[in-house]
6 protein chains.
Amino acid sequence: MGRIDGRALNQLRPVKITRNYLKHAEGSVLIEMGDTKVICTASVEEKVPPFMKGQGRGWVTGEYGMLPRSTEVRKPRDSTRGKIDGRTMEIQRLIGRALRSVVNLEALGEITIFIDCDVIQADGGTRTASITGAFVALVDALNKLKAQGKISRIPLDSFVAAVSVGIKESNILLDLNYAEDSTCQVDMNIIMTEKGHLVEIQGTGEEKPFTKEEMDQMLRLGEQGIKELIRIQKESLGELSGIIGDEGNGSNSSNK
Amino acid sequence: MGRIDGRALNQLRPVKITRNYLKHAEGSVLIEMGDTKVICTASVEEKVPPFMKGQGRGWVTGEYGMLPRSTEVRKPRDSTRGKIDGRTMEIQRLIGRALRSVVNLEALGEITIFIDCDVIQADGGTRTASITGAFVALVDALNKLKAQGKISRIPLDSFVAAVSVGIKESNILLDLNYAEDSTCQVDMNIIMTEKGHLVEIQGTGEEKPFTKEEMDQMLRLGEQGIKELIRIQKESLGELSGIIGDEGNGSNSSNK
Amino acid sequence: MGRIDGRALNQLRPVKITRNYLKHAEGSVLIEMGDTKVICTASVEEKVPPFMKGQGRGWVTGEYGMLPRSTEVRKPRDSTRGKIDGRTMEIQRLIGRALRSVVNLEALGEITIFIDCDVIQADGGTRTASITGAFVALVDALNKLKAQGKISRIPLDSFVAAVSVGIKESNILLDLNYAEDSTCQVDMNIIMTEKGHLVEIQGTGEEKPFTKEEMDQMLRLGEQGIKELIRIQKESLGELSGIIGDEGNGSNSSNK
Amino acid sequence: MGRIDGRALNQLRPVKITRNYLKHAEGSVLIEMGDTKVICTASVEEKVPPFMKGQGRGWVTGEYGMLPRSTEVRKPRDSTRGKIDGRTMEIQRLIGRALRSVVNLEALGEITIFIDCDVIQADGGTRTASITGAFVALVDALNKLKAQGKISRIPLDSFVAAVSVGIKESNILLDLNYAEDSTCQVDMNIIMTEKGHLVEIQGTGEEKPFTKEEMDQMLRLGEQGIKELIRIQKESLGELSGIIGDEGNGSNSSNK
Amino acid sequence: MGRIDGRALNQLRPVKITRNYLKHAEGSVLIEMGDTKVICTASVEEKVPPFMKGQGRGWVTGEYGMLPRSTEVRKPRDSTRGKIDGRTMEIQRLIGRALRSVVNLEALGEITIFIDCDVIQADGGTRTASITGAFVALVDALNKLKAQGKISRIPLDSFVAAVSVGIKESNILLDLNYAEDSTCQVDMNIIMTEKGHLVEIQGTGEEKPFTKEEMDQMLRLGEQGIKELIRIQKESLGELSGIIGDEGNGSNSSNK
Amino acid sequence: MGRIDGRALNQLRPVKITRNYLKHAEGSVLIEMGDTKVICTASVEEKVPPFMKGQGRGWVTGEYGMLPRSTEVRKPRDSTRGKIDGRTMEIQRLIGRALRSVVNLEALGEITIFIDCDVIQADGGTRTASITGAFVALVDALNKLKAQGKISRIPLDSFVAAVSVGIKESNILLDLNYAEDSTCQVDMNIIMTEKGHLVEIQGTGEEKPFTKEEMDQMLRLGEQGIKELIRIQKESLGELSGIIGDEGNGSNSSNK
């Protein structure tokens, strides 16, 4: 089976990460995965939510939005409808968890980092592109804090990236575009660290339940995609890459 | 390591399913898993949402709520706050997907079934208990439709149940209660059909990323729990059990 | 005229009060009046709303909800609609006033008690059942506070209970069920203390205005029902009954 | 005991009803009861809510609001807060029920009348003044419909008016102003037809429960006030008064 | 061309300002411009919004509303719809800016003045009438503050008033009523001080763009109307007029 | 006086218009004016709002948003706050009016065009940049409709563009950036057609009222800026420019 856009089953779409995309944010990235384009910013606020005050720990939180015409059919603004839809909430929570999983919140100190992921053009995989791009914006924001002497080291345990995999007509596909995503039987989002440890896995077989063997295949394919994405993150970050996770603290079990 | 409540690592809490719990609903169940108690109802409406009209297919949708004092600390009502929180939305969407995965929506016809899961007492695992209980309520509602001649057979491809597993201090635990849930490093919810096929898997290692080996162990333990839960569903349904999935249509690839 | 369910005109439906129904709440009751079933909880919070701070007085507030399928036809959740409907607001305010009328708020001290009444099955009279049941939950919560030494005595001046009466085809009926409620011409809710003093009376003759003679008859019938309900509250509370109102302070004119 | 403003216990405040107060509304009244001033309008819409379509019956619905500075302390707008408070909802529902009780909805036909009561200055008794004034606005609107040939007669069974009574330091007071209202122990709103039949009664003894004897005294005093108010309504309506309730149909038992 | 109501093109409608219209507000005015009637109140709160605390400066903010039946067709309440519409927001912001432009906020000190403009009858020009009337209410409120010794002088640099002008079939019209407003091609609102300085100008030619010559003509006509309105404000304020702007501080460049 | 960024007083910032910026929208533009960057899309929906059905005329409506970190300090999302702020509403309405002023809605037919302007980086003048960019996106969308044969000609009477001018320390400045905008005394937004006709003018002198002479100077400077912006629009549109306004219908007086 060939793929709609001619890719191999195990091939990512072209990925491009543009750092320092916006002027005001401490970290800002435009990530493009094929036709999916997301602006990811990391904004520093030097305080924490009320319920965390005085504990000496920081917080990372995610928000997500889509421009009304990022999609094929115009989508009314959440702000006009007066409420955030369930899908958006789910993605916001996912982005927050994904990035917190690699941040040492104690080492961050009483600082909040807002991750905003705004999709300007959507063609599938917006949540995974958001996470992969947001990680790079986060590194830039943390580096700025370090340069200002507000933290003594980059409090990141590891790289983290995310990719989707799916099953369509018995084929396992990496990095689904929208046409694939809307017709596949099984859809899985995988978030992984550089060492291949799982930060989050979400698989759904609403159309057709899947076996553990299929799950294993999807995981292997996802891991391969993640490794490639982390390589691209590193390329984009250049020498900044070297300072992540090098303190060798393999666990951040106290970060929540 | 012993568990707080003296259970073995691979042991479910006591499960009790009370059918026909409420008078008005077409299907209604009180499910108790240890101290977690959820009222699950299945309500039939003989029409579908506007966007599905005229397609000859049905719909199953889930809603979820918690009584304010189902929890240790009183939780303000969503209705008072004027909006549904992200966790609730996530669970509502999960319940809907889980049940739709085993319903043949074409065979259902233009009927909507509302699944309401209301937690009256919470001690961990409310979303998985909701799904396990709601399946039984759904069978009762469908059976009523069949008795009324509105459908010709029970349009269910399989049993489905859900359970949580987690990692706490290197132990893999089945069916976490609240005390375990709030202190474990990895938390996974597994939804499976009777044949052991995965309908949904959601695992999060915000505290500590997990390996594929750990994931495999969790899956195996989850499968064992699901088998036991489906056995209890069958016991509760009695002779109604026999009419589910017996038409042998292993796929419902057209149900969405 | 016989009643739909065979009761005498002046007969209550079977009443059952189950104390300690839920695990977490300081007081929790399942009250059943015929097919009407309400979970009433009393939750203690050891502070008062901002506008009452520093006055040394406590507060009691009521909330009310219905499970979506507590009713014959499924009722969308207030939380989904994004606002509380007028009927719910009216009932919430009524519950709060009814219970505050017998609490000595000075003796309570700077403590708030949240009364939550959640209808799991509705067959008429849910607001009156809520008040009758909530009083028992309140006693349990206050008793717990006393046991913890946080209050020196149970700050209750009297028992309080509530019942509905109505006029249907010239008959005066006690404790209307839903079928009666929706077809009667006059509908009245009466809340009374043990001594037969009125705490609240709300009568409406939207269908047909009523005379003062009819009003008197309704009041007499209501008083008879209240006396029976307070007898059942006492039975349920057992020895706790003895400590309510025995300090002989017939007035709590300073409680608001 | 003398009253704050020198009135006798059983004396209404000065009442003034100005008809045709606004230009656009089919009926509009400024009612002044002492310092309480309310603009009441009756607006005709020649259709009914969707759930009533095709039944040949009309509807009357009430809304209520207060100008932000109608009160001693400025009250934020409901529209700014984004929701209507419970007290406003309660009053809106009361106004609607009160006026519907005297309208023959069948004779009205498929017409909706919106009653808007907007308090421009508040000094106690705004809900009862609203009802008394709105009745006059309603007559004018109905009369306009009759003049246009859209209804064949004024479909009103009776006059209706409302007044408050209360108990303060053992005295029974008629028509409480704000200072009295906020310090009385018992507060009762009475809505009555010309024949002295009760349309609605709401009494609350949150501060101090009241006896049936006190209730009877309040009712008698309220009836006296209502008779005086209906006399003033008639005076204001002049010859229009004669055409109300003259068809002698003592019951409108089918109006809901 | 004659105007609908017989006025000359450059003629204001009859203007009437009634001071001390309501009992509770520090300043309150009923302004009538033809059939447009607005209640304007100025309410003093002796604190400022959180973001202004400690700066020693005051604040003036505007709110605007319309009674549902102030208009030809009944307009649903913003509070019922749960949000304020765009037009209302625009007007609220305009009223606030217009009045702040002549207030010396430093001399006011940490005091907030709420300007509420509520339209009870609408016939075009409600926003300009609101500003003209609100200025008078503001003077009364400030005078009360001065009488109480809370400010040492009336911190107003100038009179301010507002008027609309428009182009209809090549004629330039002053002070449009609703019939004119809804049929004119160009609509402009002008807010000016006594010296003829512009505080705000808003012109819109959605129907037909306009030339600079037309704009100049409109401005000249507007200035003439404003001068007349300020004369009427002065007449209404009587001797209070003398104390405004007499300290000769022609600029309040530091007021924001 | 030199300007912060070295520009002459009458000099625009560098302007760049990128057409076809997004894949899905019928028209999409990235407009950059200095550091202000706005994505403008024009989306076609082949129906009109309910209140316009059957009149044979089209509609153009505007929406506006800012990415949370488009600004110096992160701005919470409107969708999170649950409502749109007043400034956003004002801008949305302005964008809609500005574009409708040059569209012949009859010639458009029953089609709605949604204009979405989303600021990705803000440095002053976002509303004027939105209008200037949106016009180009609108041309592309209309051209697509023409190519599809859905309209017979481009129903545009004229080019339209917008620019800000202001007074700062007695200097008149063209095209204010944020630093200038937040410190100027007078701020004016001008929207003009190619012939120099005014579509909208909004000037505010909250800090310091301005004279008619200053107003004239601002208008002249604004006109000069608009001419330059329309030149840039034409350059960007290339040969498409030729087909706008060439039918010579100088008026669209029937377009509302």
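Here the structure is a predicted model, which means the values were calculated and not measured. In what follows, chains are A, B, ... by sequence order, proteins preceding strands, each numbered from 1.
For F:Ile201, the parts lying near chain E are the backbone and the side chain together; criterion is any non-hydrogen pair under 4.5 Å. When heavy atoms are compared at a cutoff of 4.5 Å, E:Thr204 approaches chain F by way of both its backbone and its side chain. The contact between E:Glu223 and chain F is made entirely by side chain atoms (from C-beta outward), counting heavy-atom distances below 4.5 Å. Interface residue E:Asp85: only backbone heavy atoms are found under 4.5 Å from chain F. For F:Leu99, no part sits under 4.5 Å from any heavy atom of chain E, backbone or side chain.
Each of F:Gln92, F:Glu90, F:Met89, F:Gln202 has some count of heavy-atom pairs under 4.5 Å with chain E, and the biggest count is that of F:Glu90. Looking only at heavy-atom pairs under 4.5 Å with chain E, the residue among F:Arg93, F:Lys212, F:His197 that has the most is F:Arg93.
For the residue pair E:Ile226 and E:Ala162, the shortest heavy atom distance occurs at CD1-CA, 3.7 Å. Summarising the geometry of F:Leu9 relative to F:Arg3, their closest heavy-atom pair is O-NH1, 3.0 Å, with the distance given to 0.1 Å.
For the residue pair F:Lys168/F:Thr183, the side-chain donor-acceptor check at 3.5 Å is satisfied. Defined by atom type and a distance below 3.5 Å, a donor-acceptor pair is missing between the side-chain atoms of F:Thr71 and F:Tyr178.
F:Gln224 places a side-chain N or O within donor-acceptor distance of the main-chain N or O of F:Asn10, the cut-off being under 3.5 Å.
Between E:Trp59 and E:Phe51, the ring planes are perpendicular. Angles over 60° get that label, and only those under 30° would be called parallel.
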